[in-house]
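Just follow the structure's listing: the first ligand is 1, and inside any ligand the first atom is 1.
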Amino acid sequence: MTAYPERVRIREVGPRDGFQNEPEVIATADKVRLIELLIAAGLKRIEVTSFVRPDVIPQLADGAEVLASLDRPDDVAFSVLVPNERGLEIALRGRDGFDEISVFLSASETHNRRNVNRSIAESLEGLERVLATAGAEGLRCEGVIATSFGCPYEGEVQPGRVLEIAERLAAAGCAEIGFGDTTGMANPLQVDGFFAGMRSALRPGGEGPELTAHFHNTRGQGIANAVAALGRGIDSFEASFGELGGCPVPSGSTGNVATEDLVSMLHEMGIATGIDLDGLLAASRAVQDVLGRPLGSHLLTAGPIDWAGGGA
Ligand code: ZN
């Protein structure tokens with residue numbers, strides 16, 4: 001039988017990945033309240049916001065204000081997404097508000113060009129400078145590689161190419177590498193082989209950067225892919241409450257894996273997360289109320305499994 005990890009870490013990315021990709025601009029006070037609900041539910045890693053140009057992403061223009069309004073418990077890590085050197089400069093003005101940054105690029109040239117208007121080589125050079133500065137500031141760094149499992153424009157993405165990018169990011173100071181299935185193209189068999197290869201190449205002998213899986217549920221395969229990653233010993237995931245979010249390009253690339261769907265499954269499998277599922281569902285219901293429309297998460301519809309048989 002497959003040996004699954006006993007415990008996994010989950011980074012909640014809804015406040016950034018989710019709020020950025022929903023059409024509405026959520027009020028600052030609502031964002032703060034929702035993040036407080038996530039903290040109360042036991043989430044220990046939260047991607048709070050991003051420092052991007054407000055004319056490009058008005059949804060996150062209040063990032064500094066959100067960070068300044070939150071009380072961060074000692075055992076909770078806040079991260080912010082930083083697109084480039086300019087973004088880091090702006091982020092560092094609120095240096096006290098967060099502990100980690102994430103940087104990102106795509107493993108496919110076309111997706112990277114459409115998303116950030118740079119070649120992969122240009123992105124890597126810029127991010128190496130960002131990571132050097134962030135490291136000198138004592139910030140923990142995660143490098144996220146989008147379209148790691150397939151590209152909507154180019155199709156197949158070679159794992160060898162993803163590995164080269166991961167190695168560059170690790171050498172530049174990333175303590176964690178995230179692999180994003182940005183437009184929901186991965187399948188469990190592919191994920192199994194992918195993480196077998198990445199683990200042996202990036203963590204020989206169990207040492208090396210933390211490897212994190214970031215699946216999207218665009219085609220309903222996010223949870224199946226998470227099981228495949230677990231089976232290869234991956235114990236760090238990113239997910240989004242309510243199944244918020246997606247990717248800005250191409251349009252229609254909706255839906256991160258819902259955190260509550262992932263947490264429910266993990267708990268049913270006897271895998272600890274430290275997260276209180278009822279508390280998390282309260283946060284997801286609250287964000288659904290704020291947006292005023294039903295969200296994609298299954299648990300929001302069905303509720304947690306009741307083994308005592310109290311009826312639905
Ligand atoms: Zn995502």
Side-chain angles (χ1 to χ4, degrees), residues 8-23 26 34-35 38 43 45-52 56-57 59-60 63 79-83 100-108 111-112 114-116 142-153 157 162 165-166 169 174 176-187 191 194-195 210-226 228-229 234 236-263 284 287 291 295-297:
V8 305
R9 297 172 297 283
I10 295 179
R11 179 177 293 108
E12 172 57 55
V13 298
R16 199 284 305 168
D17 194 328
F19 295 171
Q20 170 178 344
N21 291 303
E22 298 298 329
I26 299 173
L34 292 166
I35 293 166
L38 292 168
L43 271 303
R45 288 177 155 184
I46 303 176
E47 190 174 77
V48 172
T49 189
S50 173
F51 287 91
V52 285
V56 179
I57 304 180
Q59 288 94 332
L60 300 180
S79 66
V80 300
L81 189 78
V82 168
E100 307 181 353
I101 64 160
S102 20
V103 300
F104 65 97
L105 77 167
S106 304
S108 107
H111 192 271
N112 202 58
R114 298 216 185 180
N115 202 24
V116 296
E142 181 200 15
V144 178
I145 306 174
T147 65
S148 282
F149 302 88
C151 168
Y153 307 111
V157 172
V162 182
I165 296 170
L169 291 170
C174 285
E176 179 179 352
I177 309 290
F179 300 94
D181 181 27
T182 311
T183 61
M185 293 170 71
N187 70 71
V191 167
F194 179 93
F195 278 116
E210 180 176 12
L211 306 184
T212 294
H214 180 124
F215 292 120
H216 280 216
N217 213 24
T218 318
R219 296 180 175 83
Q221 286 160 218
I223 288 284
N225 289 331
I234 296 300
S236 173
F237 291 86
E238 293 180 339
S240 183
F241 69 144
E243 205 179 276
L244 293 172
C247 179
V249 287
S251 62
S253 310
T254 52
N256 285 279
V257 167
T259 313
E260 56 268 36
D261 292 354
L262 181 61
V263 167
S284 296
V287 76
L291 292 171
L295 300 176
S297 131

Checklist entry - Any idea how many protein N, O or S atoms are nearer than 2.8 Å to the Zn ion (ligand 1)? => result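 Near the Zn ion (ligand 1), the number of protein N, O or S atoms below 2.8 Å is 4.
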
Item to check | Test ring-ring contact (aromatic ring centres under 6.0 Å, His included) applied to Phe215 - qualifying residues, sequence neighbours left out | outcome: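 For Phe215, the residues satisfying ring-ring contact (aromatic ring centres under 6.0 Å, His included) (neighbours in sequence not counted) are Phe149.
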
Checklist entry - Which class fits the ring pair Phe19 and Phe241: parallel under 30°, tilted 30 to 60°, perpendicular over 60°? => result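 Ring orientation of Phe19 relative to Phe241: tilted.
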
Item to check | Geometric cation-pi criterion Arg9 and Phe237, 6.0 Å radius, 45° cone | outcome: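 Judged by the rule (NZ or CZ under 6.0 Å from the ring centre, within 45° of its axis), Arg9 is not positioned above Phe237.
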
Next on the checklist: Can a side-chain donor-acceptor contact be found between His216 and Asn256 if the only test is distance below 3.5 angstrom?
Outcome noted: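 Asn256 vs His216: donor-acceptor pair found between side chains.
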
Checklist entry - Under 3.5 Å, is there a donor-acceptor pair between the Ser102 and Glu47 side chains? => result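 Looking only at side-chain atoms, Glu47 and Ser102 do form a donor-acceptor pair, the distance falling under 3.5 Å.
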
Item to check | Asn217 side chain vs Gly222 backbone, donor-acceptor pair below 3.5 Å | outcome: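 Confirmed, Asn217 side chain pairs with Gly222 backbone.
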
